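Both ligands and their constituent atoms are indexed starting at 1 by order of listing. The chain is numbered in sequence order, starting from 1. Every value quoted in this text rests on a predicted model; they were computed, and no experiment measured them.
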Amino acid sequence: MDSDRFLESHVDVVLRKGNYFPDVLLRMAANESRACPFVSDEGCTVYPDRPDTCRTFPVEHGMLLNDRTGASEIISFFRPPDFCQGKHEDRALTVAQWAQDQEADTYNQMTARWAAIRTLFQKDPWGPEGLNGARAKMAFMAAYNIDRFRDFVFQSSFLKRYRIKRTLAAKIRASDRQLLLFGFEWIRYFVWGIPSRNIRA
Ligand code: SF4
């Protein structure tokens with residue numbers, strides 16, 4: 001399923017109070033159970049590709065932002081709900097060991113990187129054009145619609161407008177992860193004017 005179709009069929013877009021970039025939330029079943037659309041009687045139907053939150057559960061991550069210095073720090077919470085069967089396990093693991101056990105390291109890192117960018121959007125970068133303007137739509141695409149962003153980078157005049165090293169272009173063409181990291185960097189550069197080593201006009 002490409003990211004356009006995924007966004008259309010499985011995602012709700014919400015704008016939280018006090019923030020200027022929308023979040024995307026997995027759309028739960030439209031019935032009383034409000035269950036995840038990927039759960040079946042046999043369990044998770046997308047288990048090898050399950051999202052970060054599912055890998056990390058019942059640990060939750062947050063970000064502590066120092067208003068004065070601007071530095072941020074990842075903090076972890078462990079508050080398993082009553083239905084969590086893991087509470088009855090004898091095995092004790094640290095947060096890092098649990099992330100490794102669930103192959104969540106890369107997912108955790110990507111979430112943390114995105115969280116750092118999200119904090120920028122506590123200020124409004126859009127001005128009068130608002131969230132329906134072209135800049136906001138392009139940033140949304142870079143953050144959430146990876147297949148459309150790949151087309152944008154490689155099939156529009158993007159590579160004529162921006163100077164990007166050939167080695168980096170090859171990397172982002174070959175890897176979704178590299179493309180997403182590049183999208184994060186491009187949002188910082190394009191929306192906030194934060195200098196980038198990899199992107200030059
Ligand atoms: S592990 Fe996550 S994606 Fe899979 S069924 Fe459970 S909630 Fe859904």
Side-chain angles (χ1 to χ4, degrees), residues 1-19 21-65 72-119 121 137 139-151 172 174-184 187:
M1 185 183 295
D2 71 15
S3 52
D4 252 347
R5 230 181 100 206
F6 185 83
L7 284 169
E8 204 178 297
S9 52
H10 288 303
V11 161
D12 288 324
V13 179
V14 297
L15 186 63
R16 294 181 203 272
K17 203 173 165 202
N19 213 293
F21 201 88
D23 286 308
V24 288
L25 305 179
L26 191 59
R27 187 179 302 147
M28 297 297 146
N31 56 29
E32 217 174 284
S33 75
R34 305 287 296 148
C36 171
F38 301 122
V39 73
S40 73
D41 289 345
E42 285 73 47
C44 176
T45 55
V46 294
Y47 196 73
D49 297 311
R50 68 200 183 284
D52 189 19
T53 321
C54 304
R55 288 170 192 270
T56 305
F57 179 86
V59 177
E60 288 181 42
H61 293 310
M63 182 166 281
L64 198 61
L65 188 66
S72 57
E73 181 193 343
I74 303 290
I75 47 175
S76 304
F77 304 88
F78 180 65
R79 227 175 15 185
D82 289 343
F83 62 78
C84 177
Q85 297 300 307
K87 285 204 296 193
H88 310 299
E89 292 274 339
D90 295 333
R91 206 163 49 129
L93 296 172
T94 64
V95 169
Q97 285 167 336
W98 177 238
Q100 204 173 20
D101 184 82
Q102 294 296 305
E103 297 176 350
D105 284 335
T106 304
Y107 292 80
N108 286 178
Q109 285 165 16
M110 296 300 271
T111 302
R113 287 212 191 198
W114 177 238
I117 294 176
R118 291 285 283 104
T119 59
F121 288 93
K137 284 183 179 163
F140 183 93
M141 171 182 64
Y144 297 139
N145 194 338
I146 199 158
D147 293 318
R148 199 58 53 235
F149 185 55
R150 187 186 298 102
D151 290 348
I172 62 181
S175 155
D176 279 357
R177 180 169 172 267
Q178 294 298 334
L179 180 62
L180 188 55
L181 288 171
F182 179 75
F184 292 172
I187 290 171

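Judged by the 6.0 Å distance and 45° axis criteria, Arg55 is positioned over the aromatic ring of Tyr107.
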Side chains of residues 76-85: which donor-acceptor pairs under 3.5 Å do they make with residues two or more places apart or in other chains?
from  : atom 1 : to    : atom 2 : distance (Å)
Ser76 : OG     : His61 : ND1    : 3.1
Gln85 : NE2    : Phe83 : O      : 3.4

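In this structure the side chain of Asp147 never reaches within 4.5 angstrom of the side chain of Asp4, judged on heavy atoms.
Note that atom 6 (Fe) of ligand 1 has no protein non-hydrogen atoms nearby, at separations under 4.0 angstrom.
Proximity of the aromatic rings of Phe21 and Trp114 is defined here by a centroid distance below 6.0 angstrom, and this criterion is met.
Ion pairing between Asp151 and Arg148 holds under the 4.0 Å rule for side-chain N and carboxylate O.
Of all protein N/O/S atoms, those lying under 2.8 Å from atom 8 (Fe) of ligand 1 come to 1.
A donor-acceptor contact shorter than 3.5 Å links the side chain of Thr119 to the backbone of Ala116.
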